[in-house]
Amino acid sequence: MIPRFPVLFLLCFLFHAVRGATQKSKVEDTADTIKYSCKGGGWEDPTCSGCMVVPDVQQASGGTWHACTYNPGDPLMYFELPFRGTGIEVYAILANTVSGNPTTDTLASFFLDDEVDGDPFYHAHDSSSDFEYDYRIYSTTGLSQSKHTLRVEVPQSDQMSSWLAFDYAIVRCSFESEETSTQTSSSLSPSSSNSDHSSGSSSSSSSNQKTWVPIVGAILGAVCGAIVAAILRVWFNKWCKSRRY
(Lines give C-alpha, C1' and ligand atoms only; values in the text may rest on other atoms or scores of the structure.)
Protein backbone atom coordinates (compact mmCIF):
# COMPACT_ATOMS: atom_id res chain seq x y z
CA MET A 1 0.00 0.00 0.00
CA ILE A 2 1.33 3.42 -0.95
CA PRO A 3 1.79 5.76 2.05
CA ARG A 4 -0.67 8.62 1.99
CA PHE A 5 1.52 11.41 3.35
CA PRO A 6 3.47 12.38 0.19
CA VAL A 7 0.30 12.33 -1.92
CA LEU A 8 -1.71 14.44 0.53
CA PHE A 9 1.18 16.88 0.90
CA LEU A 10 1.45 17.39 -2.85
CA LEU A 11 -2.30 17.79 -3.27
CA CYS A 12 -2.38 20.43 -0.52
CA PHE A 13 0.51 22.27 -2.16
CA LEU A 14 -1.25 22.28 -5.52
CA PHE A 15 -4.53 23.48 -3.99
CA HIS A 16 -2.96 26.43 -2.21
CA ALA A 17 -0.84 27.39 -5.22
CA VAL A 18 -3.82 27.56 -7.57
CA ARG A 19 -6.00 29.20 -4.93
CA GLY A 20 -3.57 32.11 -4.66
CA ALA A 21 -3.43 32.71 -8.42
CA THR A 22 -5.15 35.63 -10.12
CA GLN A 23 -7.26 36.32 -13.17
CA LYS A 24 -7.26 39.36 -15.44
CA SER A 25 -10.28 41.08 -16.93
CA LYS A 26 -10.42 43.92 -19.43
CA VAL A 27 -12.94 46.69 -18.81
CA GLU A 28 -13.68 48.69 -21.95
CA ASP A 29 -14.47 52.41 -21.84
CA THR A 30 -18.02 51.57 -22.96
CA ALA A 31 -18.86 49.60 -19.79
CA ASP A 32 -22.22 50.66 -18.35
CA THR A 33 -20.79 50.83 -14.83
CA ILE A 34 -18.39 53.68 -15.67
CA LYS A 35 -19.61 57.17 -14.79
CA TYR A 36 -18.34 60.08 -16.91
CA SER A 37 -18.56 63.75 -16.00
CA CYS A 38 -17.44 66.63 -18.21
CA LYS A 39 -18.58 70.12 -19.08
CA GLY A 40 -21.86 70.03 -20.95
CA GLY A 41 -22.51 66.36 -20.12
CA GLY A 42 -20.66 63.17 -21.03
CA TRP A 43 -17.34 62.56 -22.71
CA GLU A 44 -16.89 62.35 -26.47
CA ASP A 45 -16.42 59.06 -28.34
CA PRO A 46 -15.45 58.11 -31.93
CA THR A 47 -18.85 59.32 -33.18
CA CYS A 48 -17.92 62.95 -32.37
CA SER A 49 -18.20 65.05 -35.53
CA GLY A 50 -16.67 68.29 -34.25
CA CYS A 51 -13.68 66.95 -32.31
CA MET A 52 -10.23 68.13 -33.36
CA VAL A 53 -8.32 65.41 -31.52
CA VAL A 54 -9.47 62.09 -32.96
CA PRO A 55 -7.51 58.87 -32.21
CA ASP A 56 -7.57 56.03 -34.72
CA VAL A 57 -10.38 53.64 -33.79
CA GLN A 58 -8.47 50.80 -35.48
CA GLN A 59 -5.74 51.12 -32.85
CA ALA A 60 -7.99 51.81 -29.87
CA SER A 61 -9.05 48.82 -27.80
CA GLY A 62 -12.45 47.59 -28.95
CA GLY A 63 -12.54 50.39 -31.54
CA THR A 64 -13.73 52.88 -28.89
CA TRP A 65 -12.48 55.57 -26.55
CA HIS A 66 -13.89 58.29 -24.31
CA ALA A 67 -12.22 61.71 -24.28
CA CYS A 68 -12.83 65.21 -22.99
CA THR A 69 -10.94 68.50 -22.69
CA TYR A 70 -10.71 70.54 -19.51
CA ASN A 71 -10.22 74.30 -19.72
CA PRO A 72 -9.64 76.71 -16.82
CA GLY A 73 -12.94 77.55 -15.16
CA ASP A 74 -14.66 74.31 -16.19
CA PRO A 75 -16.39 72.13 -13.59
CA LEU A 76 -14.57 69.03 -12.34
CA MET A 77 -13.87 66.55 -15.13
CA TYR A 78 -13.56 62.88 -14.18
CA PHE A 79 -14.65 59.28 -14.66
CA GLU A 80 -15.38 56.67 -11.99
CA LEU A 81 -14.83 52.95 -12.43
CA PRO A 82 -16.20 50.53 -9.80
CA PHE A 83 -14.55 47.12 -9.69
CA ARG A 84 -14.05 44.04 -7.54
CA GLY A 85 -10.48 42.80 -7.39
CA THR A 86 -7.01 43.02 -5.92
CA GLY A 87 -5.56 45.44 -8.45
CA ILE A 88 -6.29 47.63 -11.45
CA GLU A 89 -4.41 49.26 -14.34
CA VAL A 90 -5.71 52.18 -16.40
CA TYR A 91 -4.74 52.65 -20.04
CA ALA A 92 -5.15 55.87 -22.01
CA ILE A 93 -4.46 57.28 -25.46
CA LEU A 94 -1.97 60.14 -25.59
CA ALA A 95 -1.86 62.81 -28.29
CA ASN A 96 0.89 65.13 -29.48
CA THR A 97 0.73 67.89 -32.10
CA VAL A 98 -2.61 68.07 -33.94
CA SER A 99 -3.65 70.38 -36.75
CA GLY A 100 -5.23 73.53 -35.36
CA ASN A 101 -3.19 73.25 -32.16
CA PRO A 102 -5.93 72.05 -29.79
CA THR A 103 -5.03 71.01 -26.23
CA THR A 104 -3.21 67.66 -26.26
CA ASP A 105 -1.37 67.72 -22.92
CA THR A 106 -2.72 65.18 -20.43
CA LEU A 107 -2.89 65.64 -16.66
CA ALA A 108 -4.71 63.19 -14.38
CA SER A 109 -4.99 62.47 -10.65
CA PHE A 110 -6.19 59.23 -9.09
CA PHE A 111 -8.47 58.53 -6.14
CA LEU A 112 -8.99 54.99 -4.86
CA ASP A 113 -11.98 54.59 -2.52
CA ASP A 114 -12.06 58.40 -2.06
CA GLU A 115 -8.38 58.59 -1.08
CA VAL A 116 -5.59 60.09 -3.20
CA ASP A 117 -3.50 57.26 -4.61
CA GLY A 118 -0.10 57.82 -6.14
CA ASP A 119 1.29 60.78 -8.04
CA PRO A 120 -0.57 62.59 -10.83
CA PHE A 121 0.21 61.55 -14.40
CA TYR A 122 1.40 64.22 -16.82
CA HIS A 123 2.11 64.05 -20.54
CA ALA A 124 3.40 67.10 -22.41
CA HIS A 125 2.87 66.91 -26.17
CA ASP A 126 5.86 66.93 -28.49
CA SER A 127 6.29 68.07 -32.10
CA SER A 128 5.28 64.73 -33.62
CA SER A 129 1.78 64.02 -34.91
CA ASP A 130 1.74 60.51 -33.44
CA PHE A 131 -0.82 59.16 -31.00
CA GLU A 132 0.37 56.77 -28.31
CA TYR A 133 -1.93 53.83 -27.65
CA ASP A 134 -2.12 51.29 -24.80
CA TYR A 135 -0.34 53.72 -22.49
CA ARG A 136 -0.58 52.78 -18.83
CA ILE A 137 -1.17 55.87 -16.70
CA TYR A 138 -2.06 54.18 -13.40
CA SER A 139 -1.52 50.87 -11.65
CA THR A 140 -2.09 49.48 -8.16
CA THR A 141 -1.96 46.01 -6.60
CA GLY A 142 -2.29 44.38 -3.19
CA LEU A 143 -5.88 45.44 -2.56
CA SER A 144 -8.37 43.39 -0.59
CA GLN A 145 -10.55 41.13 -2.72
CA SER A 146 -13.63 43.35 -2.43
CA LYS A 147 -15.47 46.19 -4.13
CA HIS A 148 -13.49 49.36 -4.87
CA THR A 149 -14.02 52.58 -6.81
CA LEU A 150 -11.32 54.30 -8.83
CA ARG A 151 -11.87 57.93 -9.82
CA VAL A 152 -9.62 59.49 -12.43
CA GLU A 153 -9.94 63.25 -12.63
CA VAL A 154 -8.26 66.24 -14.22
CA PRO A 155 -7.14 68.62 -11.45
CA GLN A 156 -8.91 71.96 -11.66
CA SER A 157 -6.52 74.72 -12.64
CA ASP A 158 -6.68 78.43 -13.48
CA GLN A 159 -3.84 78.15 -15.97
CA MET A 160 -3.66 74.72 -17.57
CA SER A 161 -5.90 72.91 -20.03
CA SER A 162 -5.85 69.13 -20.35
CA TRP A 163 -7.12 66.48 -22.78
CA LEU A 164 -7.76 63.00 -21.38
CA ALA A 165 -8.72 59.94 -23.43
CA PHE A 166 -9.61 56.76 -21.52
CA ASP A 167 -9.30 53.52 -23.50
CA TYR A 168 -9.60 50.56 -21.10
CA ALA A 169 -8.66 49.14 -17.71
CA ILE A 170 -7.31 45.78 -16.55
CA VAL A 171 -8.69 44.38 -13.29
CA ARG A 172 -6.86 41.68 -11.34
CA CYS A 173 -9.05 39.29 -9.38
CA SER A 174 -8.09 36.54 -6.93
CA PHE A 175 -9.40 32.99 -7.33
CA GLU A 176 -10.62 33.26 -3.74
CA SER A 177 -13.35 35.65 -4.85
CA GLU A 178 -16.91 34.35 -4.50
CA GLU A 179 -18.19 36.91 -6.98
CA THR A 180 -16.26 37.53 -10.17
CA SER A 181 -17.03 41.11 -11.12
CA THR A 182 -19.76 43.68 -11.51
CA GLN A 183 -18.28 45.58 -14.41
CA THR A 184 -18.47 44.84 -18.10
CA SER A 185 -15.40 43.36 -19.69
CA SER A 186 -14.10 41.71 -22.82
CA SER A 187 -11.44 39.12 -23.55
CA LEU A 188 -7.79 39.98 -23.04
CA SER A 189 -4.93 39.14 -25.36
CA PRO A 190 -1.27 39.28 -24.25
CA SER A 191 0.75 42.46 -24.75
CA SER A 192 4.25 43.58 -23.86
CA SER A 193 4.74 46.27 -21.22
CA ASN A 194 7.24 48.12 -19.08
CA SER A 195 6.84 50.14 -15.90
CA ASP A 196 5.15 53.06 -17.64
CA HIS A 197 4.00 51.95 -21.04
CA SER A 198 2.31 48.86 -22.48
CA SER A 199 2.18 48.35 -26.23
CA GLY A 200 0.58 45.72 -28.40
CA SER A 201 -2.79 44.89 -29.90
CA SER A 202 -5.77 43.71 -27.88
CA SER A 203 -8.71 41.66 -29.10
CA SER A 204 -11.78 43.80 -29.61
CA SER A 205 -15.40 43.03 -28.81
CA SER A 206 -18.53 44.84 -29.85
CA SER A 207 -20.49 43.35 -26.98
CA ASN A 208 -20.23 44.26 -23.33
CA GLN A 209 -20.42 40.74 -21.99
CA LYS A 210 -17.74 39.87 -19.46
CA THR A 211 -15.26 37.10 -20.21
CA TRP A 212 -12.75 36.13 -17.52
CA VAL A 213 -9.35 34.92 -18.62
CA PRO A 214 -7.53 32.74 -16.05
CA ILE A 215 -4.09 33.54 -17.43
CA VAL A 216 -1.99 32.92 -14.35
CA GLY A 217 -4.19 30.10 -13.12
CA ALA A 218 -3.92 28.09 -16.33
CA ILE A 219 -0.13 28.42 -16.44
CA LEU A 220 0.27 27.70 -12.74
CA GLY A 221 -2.06 24.71 -12.90
CA ALA A 222 -0.15 23.17 -15.80
CA VAL A 223 3.25 23.74 -14.16
CA CYS A 224 2.13 22.41 -10.78
CA GLY A 225 0.50 19.41 -12.41
CA ALA A 226 3.70 18.53 -14.24
CA ILE A 227 5.79 18.95 -11.09
CA VAL A 228 3.43 16.79 -9.03
CA ALA A 229 3.42 14.06 -11.70
CA ALA A 230 7.22 14.04 -11.89
CA ILE A 231 7.66 13.90 -8.11
CA LEU A 232 5.10 11.13 -7.76
CA ARG A 233 6.80 9.05 -10.47
CA VAL A 234 10.23 9.39 -8.85
CA TRP A 235 8.85 8.63 -5.40
CA PHE A 236 6.81 5.64 -6.64
CA ASN A 237 9.82 4.12 -8.42
CA LYS A 238 11.91 4.42 -5.27
CA TRP A 239 9.12 2.91 -3.20
CA CYS A 240 8.77 -0.03 -5.59
CA LYS A 241 12.54 -0.68 -5.45
CA SER A 242 12.50 -0.59 -1.66
CA ARG A 243 9.78 -3.24 -1.59
CA ARG A 244 11.93 -5.65 -3.58
CA TYR A 245 14.55 -5.89 -0.88
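All values derive from a computational prediction rather than experimental measurement.
Residues in residues 97-108 take part in no salt bridge (charged side-chain N to carboxylate O under 4.0 Å, His left out) pair, two or more places apart or across chains. Residue pairs that meet the salt bridge (charged side-chain N to carboxylate O under 4.0 Å, His left out) test with at least one member in residues 54-78, sequence neighbours left out, are Lys39-Asp74. Within the structure, every pair that satisfies the ring pair (Phe, Tyr, Trp, His ring centres under 6.0 Å) test and touches residues 49-76, not counting sequence neighbours, is listed here: Tyr36-His66. Screening residues 91-161 for disulfide (SG to SG under 2.5 Å), with sequence neighbours left out, gives no hits.
Partners of Glu153 according to the side-chain hydrogen bond (donor to acceptor under 3.5 Å, both in side chains) rule, which considers only residues two or more places apart in sequence or in another chain, are Arg151. Scanning for side-chain contact (heavy atoms from CB on, under 4.5 Å) contacts around Thr69 gives Asn71, Thr103, Trp163, with sequence neighbours left out. Residues that satisfy the side-chain contact (heavy atoms from CB on, under 4.5 Å) test with Met52, not counting sequence neighbours, are Pro102. For the side-chain contact (heavy atoms from CB on, under 4.5 Å) test, residues two or more places apart in sequence or in another chain that qualify with Thr97 are Asn101, His125. Annotation: side-chain contact (heavy atoms from CB on, under 4.5 Å) contacts of Ser128 (sequence neighbours excluded): Asn96, Asp126, Asp130. For Thr47, the side-chain hydrogen bond (donor to acceptor under 3.5 Å, both in side chains) partners are Asp45, not counting sequence neighbours. Qualifying side-chain hydrogen bond (donor to acceptor under 3.5 Å, both in side chains) partners for Ser144, counting only residues two or more places apart in sequence or in other chains: Ser146.
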Which donor-acceptor pairs under 3.5 Å do side chains of residues 110-118 form with protein atoms, sequence neighbours excluded?
from   : atom 1 : to     : atom 2 : distance (Å)
Asp113 : OD1    : Thr149 : N      : 2.8
Asp113 : OD2    : His148 : ND1    : 2.8
Asp117 : OD2    : Tyr138 : OH     : 2.4

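Applying the side chain to side chain contact (heavy atoms under 4.5 Å, CB included) test between Val154 and each of Cys38, Ser162, Pro120, Ser161 identifies Ser162 as the sole match. Of the candidates Val54, Val53, Thr104, Val53 is the only one forming a side chain to side chain contact (heavy atoms under 4.5 Å, CB included) with Phe131.
Looking at heavy atoms from C-beta onward, Ser157 lies out of side-chain contact with Pro72 at the 4.5 angstrom threshold. At a threshold of 4.5 Å between non-hydrogen side-chain atoms, the residues Phe121 and Leu107 do not count as touching. Side-chain contact between Asp29 and Trp43 is absent, with no heavy atoms from C-beta onward closer than 4.5 Å. Between Tyr133 and Pro55, some side-chain heavy-atom pair lies under the 4.5 Å cut-off. Proximity of Gln145 to Cys173: side-chain heavy atoms (C-beta onward) are separated by under 4.5 Å at one or more points. When side chains are defined from C-beta on, Lys24 does not count as touching Val171, because their heavy atoms never get closer than 4.5 Å. Considering only heavy atoms from C-beta on, Pro82 stays 4.5 Å or farther from Lys147 through its side chain. Side-chain atoms of Phe83 and Leu143, non-hydrogen and from C-beta on, do get closer than 4.5 Å to each other.
Atoms CZ and CD1, from Arg136 and Ile170 in turn, are 10.5 Å apart once rounded to the nearest 0.5 Å. For the atom pair Ile93 CD1 and Asp167 CG, the distance stands at 4.0 Å (nearest 0.5 Å). Rounding to the nearest 0.5 angstrom, the gap separating the NE2 atom in His123 from the CG atom in Leu164 is 11.5 Å. To the nearest 0.5 Å, the span separating CD1 on Ile34 from CG on Leu81 amounts to 4.5 Å.
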Q | Residue pair Val90, Phe166: steps toward the side-chain contact (heavy atoms from CB on, under 4.5 Å) verdict | A | CA-CA 8 Å; Val90 177; Phe166 170 55; 3.9 Å; yes

Q: Report the C-alpha separation of Ser61 and Glu28 in whole Å, then their side-chain angles, then the decisive distance to 0.1 Å, and conclude whether the side-chain contact (heavy atoms from CB on, under 4.5 Å) test is met.
A: CA-CA 7 Å; Ser61 176; Glu28 294 288 356; 2.9 Å; yes

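Smallest separation of non-hydrogen atoms from Ser174 and Thr86: CB-CG2, 4.1 Å.
Side chain to side chain, Tyr168 and Asp134 meet the donor-acceptor criterion of an N or O pair below 3.5 Å. Side-chain polar atoms of Glu80 and Tyr78 form no donor-acceptor pair below 3.5 angstrom.
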